[in-house]
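Everything numeric here is computed off the predicted structure, so don't read it as measured data. Each chain gets a letter, A, B and so on, in the order the sequences are listed, and its residues count up from 1.
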There are 2 protein chains.
Amino acid sequence: MASDHTRSAILAAAERLYADRGFGDVTLRDIVAEANVNLAAVNYHFGSKDELIAELFVTRSIATNRERLRQLKAAEEQGGGRAPIEVILHALVGPPLRGCLGPENQRSTAARFMIRASIESVPPIRRIKNREIDHLRKFVGAMRRSLPDRSHVDIYWGLNFALAMAHHTIRESERLTKLSEGQCDLDDVEDVVARVVSVATMALTAGKVEAKAPSRLAAR
Amino acid sequence: MASDHTRSAILAAAERLYADRGFGDVTLRDIVAEANVNLAAVNYHFGSKDELIAELFVTRSIATNRERLRQLKAAEEQGGGRAPIEVILHALVGPPLRGCLGPENQRSTAARFMIRASIESVPPIRRIKNREIDHLRKFVGAMRRSLPDRSHVDIYWGLNFALAMAHHTIRESERLTKLSEGQCDLDDVEDVVARVVSVATMALTAGKVEAKAPSRLAAR
DNA sequence: GATAGTTTCATACAAGTGTTTTAATTGCAA
DNA sequence: TTGCAATTAAAACACTTGTATGAAACTATC
């Protein structure tokens, strides 16, 4: 039992520092200074620096995934076991986008931390992301039920592209803002979500991709 | 003048090691051992470790961008100053995809290096990527000429999504293969390119996105 | 073949890292 | 209070890192 106070002080300080300065240049000494605890406390409570980072990331990513599944389940129940593809995609990309974007000055520490995590990709986090496949399979299942005529391969590609657009937009939001000179409003999260869902839906429902027929545009 | 041999031996060794083991756990000592040169040679020839990494990345990324622009220019000239959007997108995403994907066992060191660079994102490389905006503006220009009726914002989003799909597919190719249990053939690069171009084209040409009309799917 | 400029080498440096150790302290139960 | 476990604390440990130094070896020019 005991205080537990030290433990959460470390978590909070670490999240804040990582969010602000990235994983690259935040040391354990920075963290314990910010948290006003002793250096050894990190290893005592978490075992190692990597496990501390992992715990931070897991906590946030579990929250996102839980919300995703909640929305997915609700949608499928409402549709009698089969949800519209837009709604499925919405459940897939909405939570992470909502968790990371939005007006910069009102972004939570957690949000900024997750943005960092998606930009920098440090080993303990990569390891966790690799275990996310089971979670994605649930969406594959729902998408198959929603689009029974679509080939499995097309489904996988559609899922891949949906995640691509969401994650890339999070990770490169700054660049898109700069490129568009502020014309793309990344603070309007629901608009971003709608755009991603709309394109991903098209990708999944448009007339069959010209299969493997070697595109006449091919290279050269 | 002089030999120049040491310099290129370092470049080659570094590229190989970074490609194989990532930036995280390759030290200068690993590199000089692999290259059979003295430790001090790196600082002598490149100034610092970061500048070595930067030179590696710049070399490869200039090659990609040059090829992109070559294709873009050719397409616009052929079309009298206005190229079809598919061809523009093809010039945008084709070179990086071709440079990174393809049968794993015949991937060049350069290709594997670029994959690493897109996965790990180390400071010197991030700095270079941030200067890529001018390059992208050339594509924005071509896209505007190709789709004069499309709003600038839609163009930016289309470009963003095209890059998103290409880069994410490179970066997460392993995961997609695993998720699809090998059914998505990432070795067939031209098929991948065609898929990305096809979806990006739809994103840019489909009936106007329901603007900012708050989607009825909006979360809650 | 001496000389000036370049390149290589062995080695030292200085700083920073996560982790361990060992002892002191605290908090709680008997 | 006493005893015992959980927690905190200070310090040192053990390494690794990139970089700097200064002498040696080489190379080409005159």
Look at the aromatic rings of A:H152 and A:Y156 and report parallel, tilted or perpendicular, splitting at 30° and 60°.
-> perpendicular
Is the phosphate of C:dT8, meaning OP1 or OP2, less than 4.0 Å from a side-chain N or O of B:H45?
-> yes
Reported OH-to-CZ distance for the pair B:Y18 and B:F113, which is rounded to 0.5 angstrom | 8.0 Å
So CD1 of B:I155 and OG of B:S146: to nearest 0.5 Å the spacing works out to 7.5 Å
Using 4.0 Å as the upper bound for N to carboxylate O, is an ion pair formed by B:E190 and B:R98?
-> yes
Looking at B:T6, does any N or O in its side chain come under 4.0 Å of the phosphate oxygens OP1/OP2 on C:dT8?
-> yes
Measure from CG on A:N36 to P on D:dA9 and round the result to the nearest Å.
-> 10 Å
Expressed in angstrom and rounded to an integer, what is the separation of A:Y44 atom OH from C:dT22 atom C1'?
-> 15 Å
Count the heavy atoms belonging to other residues, nucleotides or ligands that lie under 6.0 Å from CD of A:E132, then report whether that count exceeds 12.
-> yes
Under 4.0 Å between a Lys/Arg side-chain N and an Asp/Glu carboxylate O for A:E67 and A:R70?
-> yes
When every nucleotide of nucleotides 17-23 of chain D is labelled 5' to 3' by its protein contacts under 4.0 Å (heavy atoms), B for base, S for sugar-phosphate only, - for none, what sequence of letters results?
-> BBBBB--
